There are 2 protein chains.
Amino acid sequence: MNERRTIVIADDFPLIRKGLRQVIETLPETEVMEAENGDDALRLIREHHPVIALLDIEMPKLNGFDVAKRVNDEGLPVSVIFLTMYKEEQVFNKAMDTGVKGYVLKENAITEVLQCIAAVSEGKYYLSPTISDFLVRRNSRLSSPAQDNIGLSLLTPAERSVLKLVASMKTNQQIADELTISIKTVHNHRNHICDKLGLRGAHALLKFAIENVSQL
Amino acid sequence: MNERRTIVIADDFPLIRKGLRQVIETLPETEVMEAENGDDALRLIREHHPVIALLDIEMPKLNGFDVAKRVNDEGLPVSVIFLTMYKEEQVFNKAMDTGVKGYVLKENAITEVLQCIAAVSEGKYYLSPTISDFLVRRNSRLSSPAQDNIGLSLLTPAERSVLKLVASMKTNQQIADELTISIKTVHNHRNHICDKLGLRGAHALLKFAIENVSQL
DNA sequence: AATCGTATGGGTAGAAGTACCTAGGAGAAG
DNA sequence: CTTCTCCTAGGTACTTCTACCCATACGATT
(Lines give C-alpha, C1' and ligand atoms only; values in the text may rest on other atoms or scores of the structure.)
Protein backbone atom coordinates (compact mmCIF):
# COMPACT_ATOMS: atom_id res chain seq x y z
CA MET A 1 0.00 0.00 0.00
CA ASN A 2 1.24 3.44 -0.94
CA GLU A 3 1.76 6.17 1.64
CA ARG A 4 0.26 8.72 -0.73
CA ARG A 5 -3.48 8.95 -1.05
CA THR A 6 -5.26 9.35 -4.34
CA ILE A 7 -8.17 11.65 -5.10
CA VAL A 8 -10.14 11.37 -8.33
CA ILE A 9 -11.78 14.50 -9.74
CA ALA A 10 -14.32 14.29 -12.52
CA ASP A 11 -15.75 17.24 -14.45
CA ASP A 12 -16.29 17.80 -18.13
CA PHE A 13 -14.80 21.29 -18.06
CA PRO A 14 -10.99 21.17 -18.25
CA LEU A 15 -10.73 24.60 -16.63
CA ILE A 16 -12.55 23.43 -13.51
CA ARG A 17 -10.44 20.29 -13.33
CA LYS A 18 -7.25 22.31 -13.46
CA GLY A 19 -8.49 24.68 -10.82
CA LEU A 20 -9.44 21.84 -8.52
CA ARG A 21 -6.18 20.07 -9.09
CA GLN A 22 -4.24 23.16 -8.15
CA VAL A 23 -6.16 23.57 -4.90
CA ILE A 24 -6.11 19.93 -3.92
CA GLU A 25 -2.45 19.39 -4.67
CA THR A 26 -1.60 21.86 -1.93
CA LEU A 27 -2.58 19.04 0.45
CA PRO A 28 0.31 16.83 1.61
CA GLU A 29 0.80 13.30 0.27
CA THR A 30 -2.04 13.67 -2.18
CA GLU A 31 -2.15 12.54 -5.77
CA VAL A 32 -4.84 13.82 -8.12
CA MET A 33 -6.25 11.93 -11.09
CA GLU A 34 -8.59 13.57 -13.58
CA ALA A 35 -11.54 12.21 -15.52
CA GLU A 36 -13.62 14.10 -18.06
CA ASN A 37 -16.69 11.89 -17.88
CA GLY A 38 -18.39 9.41 -15.57
CA ASP A 39 -17.13 6.41 -17.46
CA ASP A 40 -13.51 7.39 -17.00
CA ALA A 41 -14.13 8.32 -13.38
CA LEU A 42 -15.57 4.90 -12.62
CA ARG A 43 -12.65 3.23 -14.34
CA LEU A 44 -10.13 5.26 -12.33
CA ILE A 45 -11.97 4.44 -9.10
CA ARG A 46 -12.00 0.73 -9.91
CA GLU A 47 -8.33 0.59 -10.83
CA HIS A 48 -6.68 3.03 -8.42
CA HIS A 49 -8.83 2.73 -5.27
CA PRO A 50 -8.77 6.45 -4.38
CA VAL A 51 -9.94 7.46 -0.92
CA ILE A 52 -12.09 10.24 -2.33
CA ALA A 53 -13.90 10.85 -5.61
CA LEU A 54 -14.98 14.41 -6.32
CA LEU A 55 -17.73 14.19 -8.92
CA ASP A 56 -19.62 16.74 -10.92
CA ILE A 57 -23.24 15.66 -11.29
CA GLU A 58 -23.69 16.66 -14.91
CA MET A 59 -21.20 14.73 -17.01
CA PRO A 60 -21.21 12.90 -20.34
CA LYS A 61 -21.68 9.12 -20.60
CA LEU A 62 -22.31 8.43 -16.90
CA ASN A 63 -23.47 11.26 -14.65
CA GLY A 64 -22.50 11.66 -11.01
CA PHE A 65 -25.47 9.69 -9.75
CA ASP A 66 -24.69 6.80 -12.07
CA VAL A 67 -21.12 6.66 -10.83
CA ALA A 68 -22.16 6.89 -7.18
CA LYS A 69 -24.68 4.11 -7.67
CA ARG A 70 -22.15 1.80 -9.28
CA VAL A 71 -19.67 2.57 -6.52
CA ASN A 72 -22.33 1.61 -4.02
CA ASP A 73 -23.36 -1.54 -5.82
CA GLU A 74 -19.82 -2.75 -6.21
CA GLY A 75 -18.91 -1.81 -2.65
CA LEU A 76 -15.88 0.18 -3.76
CA PRO A 77 -14.14 1.70 -0.74
CA VAL A 78 -14.25 5.32 -1.85
CA SER A 79 -15.96 8.34 -0.32
CA VAL A 80 -17.98 10.21 -2.93
CA ILE A 81 -18.30 13.99 -2.89
CA PHE A 82 -20.65 15.81 -5.22
CA LEU A 83 -19.51 19.18 -6.50
CA THR A 84 -22.44 20.74 -8.26
CA MET A 85 -24.52 23.77 -9.13
CA TYR A 86 -27.79 22.07 -8.24
CA LYS A 87 -29.29 23.31 -5.03
CA GLU A 88 -32.67 21.70 -5.51
CA GLU A 89 -33.90 19.69 -2.58
CA GLN A 90 -34.79 16.68 -4.72
CA VAL A 91 -31.29 16.49 -6.14
CA PHE A 92 -29.80 16.67 -2.67
CA ASN A 93 -32.14 14.03 -1.27
CA LYS A 94 -31.35 11.73 -4.14
CA ALA A 95 -27.66 12.26 -3.42
CA MET A 96 -28.07 11.37 0.24
CA ASP A 97 -29.98 8.25 -0.71
CA THR A 98 -27.15 7.26 -3.00
CA GLY A 99 -24.78 7.43 -0.06
CA VAL A 100 -22.63 10.43 -0.91
CA LYS A 101 -20.51 11.74 1.95
CA GLY A 102 -20.12 15.32 0.79
CA TYR A 103 -22.25 17.80 -1.12
CA VAL A 104 -20.57 21.07 -2.07
CA LEU A 105 -22.13 23.85 -4.11
CA LYS A 106 -19.90 25.28 -6.80
CA GLU A 107 -20.90 28.80 -5.90
CA ASN A 108 -19.00 28.46 -2.66
CA ALA A 109 -16.20 26.10 -3.73
CA ILE A 110 -12.46 26.50 -3.18
CA THR A 111 -12.06 26.74 0.59
CA GLU A 112 -15.12 24.55 1.05
CA VAL A 113 -13.65 21.83 -1.10
CA LEU A 114 -10.63 21.58 1.18
CA GLN A 115 -12.77 21.56 4.31
CA CYS A 116 -14.96 18.92 2.73
CA ILE A 117 -12.04 16.69 1.84
CA ALA A 118 -10.72 17.01 5.38
CA ALA A 119 -14.06 16.10 6.93
CA VAL A 120 -14.74 13.18 4.61
CA SER A 121 -11.22 11.84 5.14
CA GLU A 122 -12.10 11.48 8.81
CA GLY A 123 -15.22 9.52 7.93
CA LYS A 124 -17.51 12.47 8.54
CA TYR A 125 -20.09 14.12 6.32
CA TYR A 126 -19.80 17.61 4.89
CA LEU A 127 -22.63 19.61 3.36
CA SER A 128 -22.66 23.09 1.97
CA PRO A 129 -24.39 25.11 4.69
CA THR A 130 -27.15 26.45 2.47
CA ILE A 131 -28.37 22.93 1.83
CA SER A 132 -28.20 21.78 5.44
CA ASP A 133 -31.71 23.18 5.54
CA PHE A 134 -32.80 20.27 3.37
CA LEU A 135 -31.33 17.78 5.76
CA VAL A 136 -33.13 19.25 8.75
CA ARG A 137 -36.40 19.02 6.89
CA ARG A 138 -35.58 15.54 5.68
CA ASN A 139 -34.88 14.62 9.28
CA SER A 140 -38.08 15.99 10.72
CA ARG A 141 -40.11 14.50 7.91
CA LEU A 142 -38.85 11.09 8.83
CA SER A 143 -39.44 11.50 12.53
CA SER A 144 -42.83 13.17 12.52
CA PRO A 145 -45.12 12.26 9.68
CA ALA A 146 -47.91 12.30 12.25
CA GLN A 147 -50.68 12.81 9.75
CA ASP A 148 -49.46 9.98 7.55
CA ASN A 149 -49.93 7.22 10.07
CA ILE A 150 -53.48 7.57 11.16
CA GLY A 151 -53.33 3.80 11.23
CA LEU A 152 -51.35 3.96 14.45
CA SER A 153 -54.44 5.18 16.28
CA LEU A 154 -56.16 1.91 15.38
CA LEU A 155 -53.82 -0.06 17.61
CA THR A 156 -54.80 -1.27 21.04
CA PRO A 157 -52.55 -0.74 24.09
CA ALA A 158 -51.26 -4.31 24.05
CA GLU A 159 -50.47 -4.01 20.37
CA ARG A 160 -48.55 -0.82 20.96
CA SER A 161 -46.49 -2.48 23.68
CA VAL A 162 -45.58 -5.28 21.33
CA LEU A 163 -44.80 -2.86 18.51
CA LYS A 164 -42.42 -0.91 20.70
CA LEU A 165 -40.51 -4.04 21.59
CA VAL A 166 -40.48 -5.13 17.96
CA ALA A 167 -38.86 -1.82 17.11
CA SER A 168 -36.08 -2.55 19.57
CA MET A 169 -35.21 -5.68 17.61
CA LYS A 170 -36.32 -8.13 20.24
CA THR A 171 -37.44 -11.60 19.15
CA ASN A 172 -40.99 -12.72 19.76
CA GLN A 173 -39.77 -14.95 22.59
CA GLN A 174 -38.00 -12.03 24.27
CA ILE A 175 -41.13 -9.92 23.89
CA ALA A 176 -43.23 -12.67 25.40
CA ASP A 177 -40.88 -12.96 28.37
CA GLU A 178 -40.75 -9.23 28.91
CA LEU A 179 -44.53 -8.87 28.88
CA THR A 180 -45.04 -12.19 30.71
CA ILE A 181 -47.36 -13.57 28.09
CA SER A 182 -47.22 -16.52 25.71
CA ILE A 183 -45.26 -16.29 22.48
CA LYS A 184 -48.46 -17.26 20.72
CA THR A 185 -50.12 -14.15 22.06
CA VAL A 186 -47.27 -12.10 20.67
CA HIS A 187 -47.82 -13.77 17.31
CA ASN A 188 -51.46 -12.83 17.39
CA HIS A 189 -50.76 -9.22 18.28
CA ARG A 190 -48.27 -9.00 15.43
CA ASN A 191 -50.78 -10.42 13.01
CA HIS A 192 -53.48 -8.06 14.15
CA ILE A 193 -51.14 -5.11 13.74
CA CYS A 194 -50.23 -6.25 10.23
CA ASP A 195 -53.91 -6.63 9.36
CA LYS A 196 -54.76 -3.15 10.59
CA LEU A 197 -51.82 -1.50 8.86
CA GLY A 198 -51.90 -3.57 5.70
CA LEU A 199 -48.37 -4.87 6.16
CA ARG A 200 -47.21 -7.92 4.24
CA GLY A 201 -44.09 -10.00 3.92
CA ALA A 202 -40.80 -10.49 5.71
CA HIS A 203 -39.64 -7.66 7.96
CA ALA A 204 -42.55 -5.47 7.01
CA LEU A 205 -43.66 -5.04 10.60
CA LEU A 206 -40.12 -4.54 11.86
CA LYS A 207 -39.53 -1.85 9.26
CA PHE A 208 -42.73 -0.07 10.15
CA ALA A 209 -42.01 -0.33 13.88
CA ILE A 210 -38.57 1.22 13.55
CA GLU A 211 -39.78 4.05 11.36
CA ASN A 212 -42.65 4.91 13.65
CA VAL A 213 -41.37 4.06 17.10
CA SER A 214 -41.05 7.76 17.84
CA GLN A 215 -44.81 8.14 17.60
CA LEU A 216 -45.62 5.42 20.08
CA MET B 1 -45.06 47.41 12.22
CA ASN B 2 -41.74 48.98 11.41
CA GLU B 3 -40.14 48.63 7.99
CA ARG B 4 -36.75 48.08 9.58
CA ARG B 5 -35.98 44.70 11.06
CA THR B 6 -34.26 44.25 14.37
CA ILE B 7 -31.54 41.75 15.18
CA VAL B 8 -30.43 41.10 18.76
CA ILE B 9 -26.86 40.00 19.39
CA ALA B 10 -25.77 38.67 22.75
CA ASP B 11 -22.20 37.97 23.82
CA ASP B 12 -20.32 38.83 26.98
CA PHE B 13 -17.27 40.09 25.08
CA PRO B 14 -17.74 43.70 23.92
CA LEU B 15 -15.18 43.24 21.17
CA ILE B 16 -17.15 40.43 19.59
CA ARG B 17 -20.37 42.42 19.85
CA LYS B 18 -18.81 45.38 18.08
CA GLY B 19 -17.41 43.17 15.36
CA LEU B 20 -20.76 41.52 14.76
CA ARG B 21 -22.57 44.85 14.78
CA GLN B 22 -20.26 46.21 12.15
CA VAL B 23 -20.79 43.23 9.87
CA ILE B 24 -24.52 43.01 10.36
CA GLU B 25 -25.17 46.71 9.90
CA THR B 26 -23.93 46.43 6.34
CA LEU B 27 -27.27 44.73 5.68
CA PRO B 28 -30.06 47.05 4.52
CA GLU B 29 -32.90 48.09 6.82
CA THR B 30 -31.37 46.34 9.78
CA GLU B 31 -31.15 47.60 13.33
CA VAL B 32 -28.84 45.93 15.83
CA MET B 33 -29.38 45.73 19.57
CA GLU B 34 -26.72 44.42 21.94
CA ALA B 35 -26.96 42.40 25.14
CA GLU B 36 -24.07 41.36 27.36
CA ASN B 37 -25.86 38.47 29.10
CA GLY B 38 -28.78 36.12 28.63
CA ASP B 39 -31.05 38.06 30.92
CA ASP B 40 -30.71 41.25 28.89
CA ALA B 41 -31.04 39.32 25.66
CA LEU B 42 -34.32 37.79 26.77
CA ARG B 43 -35.61 41.19 27.85
CA LEU B 44 -34.71 42.75 24.50
CA ILE B 45 -36.40 39.88 22.65
CA ARG B 46 -39.57 40.24 24.71
CA GLU B 47 -39.77 44.01 24.27
CA HIS B 48 -38.54 44.60 20.74
CA HIS B 49 -39.68 41.47 18.87
CA PRO B 50 -36.54 41.08 16.72
CA VAL B 51 -36.70 38.70 13.76
CA ILE B 52 -33.38 37.12 14.69
CA ALA B 53 -31.45 36.61 17.92
CA LEU B 54 -27.79 35.78 17.59
CA LEU B 55 -26.76 34.16 20.86
CA ASP B 56 -23.46 33.09 22.31
CA ILE B 57 -23.92 29.89 24.30
CA GLU B 58 -21.65 30.78 27.20
CA MET B 59 -23.01 33.93 28.85
CA PRO B 60 -23.54 35.17 32.42
CA LYS B 61 -26.91 34.92 34.18
CA LEU B 62 -28.75 33.00 31.47
CA ASN B 63 -26.78 31.02 28.90
CA GLY B 64 -27.82 30.58 25.28
CA PHE B 65 -29.74 27.38 25.97
CA ASP B 66 -31.71 29.03 28.76
CA VAL B 67 -32.70 31.89 26.50
CA ALA B 68 -33.64 29.59 23.62
CA LYS B 69 -35.74 27.48 25.94
CA ARG B 70 -37.63 30.50 27.31
CA VAL B 71 -38.18 31.78 23.78
CA ASN B 72 -39.66 28.41 22.89
CA ASP B 73 -41.82 28.18 25.99
CA GLU B 74 -43.22 31.66 25.57
CA GLY B 75 -43.71 31.21 21.83
CA LEU B 76 -41.79 34.39 21.00
CA PRO B 77 -41.66 34.91 17.22
CA VAL B 78 -37.88 35.06 16.85
CA SER B 79 -35.42 32.83 15.01
CA VAL B 80 -32.54 31.85 17.27
CA ILE B 81 -29.02 31.44 15.93
CA PHE B 82 -26.24 30.04 18.10
CA LEU B 83 -22.79 31.49 17.55
CA THR B 84 -20.39 29.35 19.50
CA MET B 85 -17.03 27.69 19.87
CA TYR B 86 -18.54 24.35 20.87
CA LYS B 87 -18.35 21.76 18.17
CA GLU B 88 -19.26 18.82 20.38
CA GLU B 89 -22.03 16.65 19.03
CA GLN B 90 -23.98 16.68 22.29
CA VAL B 91 -24.05 20.47 22.37
CA PHE B 92 -25.30 20.57 18.81
CA ASN B 93 -27.96 17.97 19.41
CA LYS B 94 -29.18 19.82 22.45
CA ALA B 95 -29.35 22.97 20.35
CA MET B 96 -31.43 21.26 17.66
CA ASP B 97 -33.77 19.90 20.31
CA THR B 98 -34.20 23.42 21.64
CA GLY B 99 -35.35 24.52 18.22
CA VAL B 100 -32.53 26.77 17.07
CA LYS B 101 -32.57 27.67 13.37
CA GLY B 102 -28.88 28.34 12.90
CA TYR B 103 -25.67 26.99 14.38
CA VAL B 104 -22.49 28.83 13.39
CA LEU B 105 -19.01 28.05 14.65
CA LYS B 106 -16.98 31.09 15.66
CA GLU B 107 -13.93 29.72 13.94
CA ASN B 108 -15.61 30.31 10.60
CA ALA B 109 -17.77 33.34 11.43
CA ILE B 110 -17.98 36.64 9.52
CA THR B 111 -19.12 35.60 6.05
CA GLU B 112 -20.98 32.66 7.52
CA VAL B 113 -22.91 34.90 9.86
CA LEU B 114 -24.28 36.86 6.94
CA GLN B 115 -25.17 33.73 5.00
CA CYS B 116 -26.82 32.35 8.11
CA ILE B 117 -28.89 35.46 8.68
CA ALA B 118 -29.99 35.38 5.05
CA ALA B 119 -31.01 31.73 5.22
CA VAL B 120 -32.83 32.04 8.55
CA SER B 121 -34.63 35.16 7.34
CA GLU B 122 -36.16 33.02 4.62
CA GLY B 123 -37.31 30.48 7.19
CA LYS B 124 -34.56 28.03 6.36
CA TYR B 125 -31.97 26.40 8.56
CA TYR B 126 -28.25 27.08 8.43
CA LEU B 127 -25.54 24.95 10.00
CA SER B 128 -21.82 25.33 9.89
CA PRO B 129 -20.75 22.63 7.44
CA THR B 130 -18.39 20.88 9.83
CA ILE B 131 -21.28 20.07 12.10
CA SER B 132 -23.63 18.91 9.37
CA ASP B 133 -22.01 15.56 10.03
CA PHE B 134 -23.79 15.45 13.36
CA LEU B 135 -27.12 16.01 11.70
CA VAL B 136 -26.65 13.17 9.27
CA ARG B 137 -25.85 10.80 12.12
CA ARG B 138 -28.70 12.22 14.14
CA ASN B 139 -30.89 11.50 11.18
CA SER B 140 -29.92 7.86 11.18
CA ARG B 141 -30.49 7.67 14.93
CA LEU B 142 -26.86 6.88 15.57
CA SER B 143 -24.93 8.16 18.55
CA SER B 144 -21.88 5.94 18.36
CA PRO B 145 -18.87 7.60 16.78
CA ALA B 146 -17.07 6.18 13.78
CA GLN B 147 -13.99 4.91 15.57
CA ASP B 148 -16.05 2.46 17.57
CA ASN B 149 -16.63 0.33 14.53
CA ILE B 150 -13.15 -0.48 13.43
CA GLY B 151 -14.68 -3.84 12.57
CA LEU B 152 -16.28 -2.25 9.54
CA SER B 153 -12.90 -1.92 7.90
CA LEU B 154 -12.52 -5.69 8.04
CA LEU B 155 -15.32 -6.15 5.56
CA THR B 156 -14.72 -6.91 1.91
CA PRO B 157 -16.54 -5.01 -0.86
CA ALA B 158 -19.01 -7.83 -1.45
CA GLU B 159 -19.76 -7.99 2.24
CA ARG B 160 -20.37 -4.25 2.37
CA SER B 161 -22.80 -4.49 -0.52
CA VAL B 162 -24.75 -7.20 1.26
CA LEU B 163 -24.70 -5.28 4.53
CA LYS B 164 -26.12 -2.20 2.87
CA LEU B 165 -29.01 -4.18 1.43
CA VAL B 166 -29.58 -5.88 4.76
CA ALA B 167 -29.90 -2.43 6.32
CA SER B 168 -32.64 -1.59 3.85
CA MET B 169 -34.70 -4.51 5.16
CA LYS B 170 -34.43 -6.60 2.05
CA THR B 171 -34.72 -10.36 2.36
CA ASN B 172 -31.81 -12.59 1.46
CA GLN B 173 -33.62 -13.61 -1.70
CA GLN B 174 -34.12 -9.98 -2.71
CA ILE B 175 -30.46 -9.28 -2.02
CA ALA B 176 -29.44 -12.28 -4.10
CA ASP B 177 -31.60 -11.10 -7.00
CA GLU B 178 -30.34 -7.53 -6.79
CA LEU B 179 -26.71 -8.58 -6.79
CA THR B 180 -27.36 -11.43 -9.26
CA ILE B 181 -25.82 -14.08 -7.02
CA SER B 182 -27.14 -17.19 -5.27
CA ILE B 183 -29.01 -16.89 -2.02
CA LYS B 184 -26.44 -19.27 -0.58
CA THR B 185 -23.72 -16.78 -1.35
CA VAL B 186 -25.69 -14.15 0.50
CA HIS B 187 -25.91 -16.52 3.45
CA ASN B 188 -22.17 -16.95 3.41
CA HIS B 189 -21.50 -13.23 3.26
CA ARG B 190 -23.84 -12.69 6.20
CA ASN B 191 -22.10 -15.38 8.20
CA HIS B 192 -18.68 -13.98 7.43
CA ILE B 193 -19.82 -10.53 8.50
CA CYS B 194 -21.19 -11.94 11.75
CA ASP B 195 -17.94 -13.78 12.37
CA LYS B 196 -15.83 -10.68 11.81
CA LEU B 197 -18.03 -8.48 13.94
CA GLY B 198 -18.83 -11.00 16.64
CA LEU B 199 -22.58 -10.86 16.06
CA ARG B 200 -24.84 -13.61 17.40
CA GLY B 201 -28.52 -14.41 17.45
CA ALA B 202 -31.68 -13.30 15.72
CA HIS B 203 -31.67 -9.83 14.15
CA ALA B 204 -28.17 -9.10 15.38
CA LEU B 205 -26.89 -8.42 11.89
CA LEU B 206 -29.94 -6.42 10.88
CA LYS B 207 -29.62 -4.26 13.97
CA PHE B 208 -25.96 -3.65 13.35
CA ALA B 209 -26.57 -2.89 9.68
CA ILE B 210 -29.21 -0.28 10.41
CA GLU B 211 -27.16 1.42 13.08
CA ASN B 212 -24.05 1.59 10.95
CA VAL B 213 -25.40 2.00 7.43
CA SER B 214 -24.33 5.64 7.45
CA GLN B 215 -20.71 4.59 7.72
CA LEU B 216 -20.76 2.31 4.74
C1' DA C 1 -79.15 -11.20 27.56
C1' DA C 2 -76.62 -10.76 23.40
C1' DT C 3 -72.94 -8.57 20.98
C1' DC C 4 -68.57 -6.57 20.30
C1' DG C 5 -63.77 -5.59 21.08
C1' DT C 6 -59.76 -6.93 23.51
C1' DA C 7 -56.44 -9.98 25.56
C1' DT C 8 -55.13 -14.30 26.10
C1' DG C 9 -53.69 -19.09 24.51
C1' DG C 10 -53.16 -22.86 20.99
C1' DG C 11 -52.38 -25.53 16.12
C1' DT C 12 -50.33 -25.98 11.57
C1' DA C 13 -47.81 -24.92 7.55
C1' DG C 14 -44.48 -22.63 5.14
C1' DA C 15 -41.13 -18.85 4.42
C1' DA C 16 -37.02 -16.70 6.03
C1' DG C 17 -32.95 -16.33 8.78
C1' DT C 18 -29.10 -18.47 11.56
C1' DA C 19 -25.20 -21.68 12.28
C1' DC C 20 -21.73 -24.54 10.73
C1' DC C 21 -19.91 -27.31 7.37
C1' DT C 22 -17.38 -28.28 2.42
C1' DA C 23 -15.31 -26.69 -1.99
C1' DG C 24 -13.85 -24.83 -6.55
C1' DG C 25 -12.13 -20.74 -9.29
C1' DA C 26 -9.91 -16.03 -9.68
C1' DG C 27 -6.51 -13.08 -8.49
C1' DA C 28 -2.92 -11.14 -5.57
C1' DA C 29 1.22 -11.90 -2.94
C1' DG C 30 4.94 -14.60 -1.44
C1' DC D 1 4.56 -22.40 -8.01
C1' DT D 2 2.58 -22.06 -3.71
C1' DT D 3 -0.24 -19.71 -0.53
C1' DC D 4 -3.63 -16.71 0.67
C1' DT D 5 -7.93 -14.04 0.37
C1' DC D 6 -12.16 -13.36 -1.76
C1' DC D 7 -16.25 -14.63 -4.22
C1' DT D 8 -18.96 -18.01 -5.47
C1' DA D 9 -22.27 -22.08 -4.49
C1' DG D 10 -24.11 -26.02 -2.17
C1' DG D 11 -25.59 -29.13 2.05
C1' DT D 12 -27.86 -29.76 6.57
C1' DA D 13 -29.97 -28.71 10.82
C1' DC D 14 -32.16 -25.56 13.59
C1' DT D 15 -34.53 -21.20 15.00
C1' DT D 16 -37.50 -17.45 14.10
C1' DC D 17 -41.05 -15.23 11.73
C1' DT D 18 -45.32 -15.09 8.81
C1' DA D 19 -50.04 -16.41 7.73
C1' DC D 20 -53.67 -18.64 8.27
C1' DC D 21 -56.99 -21.31 11.41
C1' DC D 22 -59.16 -21.89 16.15
C1' DA D 23 -61.00 -21.15 21.27
C1' DT D 24 -61.85 -19.01 26.04
C1' DA D 25 -62.42 -15.09 29.22
C1' DC D 26 -63.42 -10.48 30.50
C1' DG D 27 -65.60 -5.95 30.19
C1' DA D 28 -68.34 -2.59 27.89
C1' DT D 29 -72.15 -1.51 24.87
C1' DT D 30 -76.62 -2.20 23.09
Side-chain angles (χ1 to χ4, degrees), chain A residues 1-2 43 45-49 70-78 151-210 216, chain B residues 151-211 216:
Chain A
M1 191 64 189
N2 204 323
R43 186 176 48 76
I45 293 171
R46 286 201 185 104
E47 295 175 2
H48 296 85
H49 43 272
R70 299 269 183 112
V71 162
N72 241 340
D73 292 346
E74 299 178 23
L76 298 170
V78 60
L152 272 179
S153 57
L154 299 175
L155 302 184
T156 66
E159 288 163 355
R160 288 166 185 271
S161 301
V162 170
L163 193 54
K164 261 182 278 193
L165 294 174
V166 168
S168 64
M169 299 287 205
K170 289 183 164 55
T171 65
N172 287 342
Q173 187 58 61
Q174 289 173 321
I175 295 173
D177 293 344
E178 193 153 327
L179 298 178
T180 335
I181 56 178
S182 160
I183 190 175
K184 295 303 298 184
T185 306
V186 179
H187 284 161
N188 283 327
H189 285 315
R190 292 185 69 134
N191 283 327
H192 292 152
I193 297 171
C194 289
D195 287 347
K196 290 179 180 176
L197 302 177
L199 299 173
R200 293 261 123 195
H203 296 160
L205 182 60
L206 179 57
K207 186 171 188 168
F208 177 87
I210 290 177
L216 298 178
Chain B
L152 275 178
S153 58
L154 299 175
L155 302 184
T156 65
E159 287 162 355
R160 287 166 186 270
S161 300
V162 170
L163 193 54
K164 262 179 279 194
L165 295 174
V166 168
S168 64
M169 299 289 205
K170 289 183 163 57
T171 66
N172 286 341
Q173 188 57 61
Q174 288 173 319
I175 295 172
D177 293 344
E178 193 153 326
L179 298 179
T180 332
I181 56 179
S182 162
I183 190 174
K184 295 302 298 185
T185 305
V186 178
H187 284 160
N188 282 326
H189 285 314
R190 292 185 69 133
N191 284 327
H192 290 151
I193 297 170
C194 289
D195 286 346
K196 290 179 180 176
L197 302 176
L199 299 173
R200 296 258 121 197
H203 295 160
L205 182 61
L206 179 57
K207 185 172 189 170
F208 177 88
I210 290 176
E211 289 173 350
L216 297 178

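Source: prediction; values computed, not measured. Chain letters run A, B, ... following the sequence lines, proteins first, then strands; residues in each count from 1.
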A/L206 vs A/M169, side-chain contact (heavy atoms from CB on, under 4.5 Å): CA-CA, chis, key distance, verdict: CA-CA 8 Å; A/L206 179 57; A/M169 299 287 205; 4.0 Å; yes

Steps toward side-chain contact (heavy atoms from CB on, under 4.5 Å) verdict (B/I175, B/N172): CA-CA 5 Å; B/I175 295 172; B/N172 286 341; 4.2 Å; yes

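A side-chain hydrogen bond (donor to acceptor under 3.5 Å, both in side chains) with B/E159 holds for exactly one of B/K164, B/H189, B/K196; it is B/K196.
Among the heavy atoms of the strands lying under 4.0 Å from B/H187 is at least one base atom, whether or not backbone atoms are also near.
Where B/H192 and B/A204 meet DNA chain C, the nucleotide closest to each residue was compared, and B/A204 sits on the side nearer the 5' end.
Looking at the side chain of A/N191, the nearest of the listed nucleotides D/dC20, D/dC17, C/dT18 is D/dC20. Relative to the side chain of A/N188, the nucleotides C/dT8, C/dT18, D/dT8 differ in distance, and C/dT8 lies closest. When distances are taken from the side chain of B/A202 to each of C/dG17, D/dA19, D/dT16, the shortest belongs to D/dT16.
Two residues are said to be in side-chain contact when any heavy atoms from C-beta on lie closer than 4.5 Å; B/L163 and B/F208 meet this criterion. Using a 4.5 Å cut-off on side-chain heavy atoms (C-beta onward), A/L154 and A/L197 make no contact.
Protein atom CD1 of A/I193 is 12 Å distant from nucleotide atom P of D/dA19, rounded to whole Å.
Distances shown here put a side-chain N or O of B/T156 below 4.0 Å from the OP1 or OP2 atom of D/dC7. Phosphate proximity of D/dT18 to A/R200: absent, as no side-chain N or O sits under 4.0 Å from OP1 or OP2.
Rounded to the nearest 0.5 Å, atoms CD1 (A/I210) and CG (A/L205) are 10.0 Å apart.
Of the residues in residues 171-185 of chain B, those placing a heavy atom less than 4.0 Å from an atom of DNA chain C are B/T171, B/N172, in numerical order.
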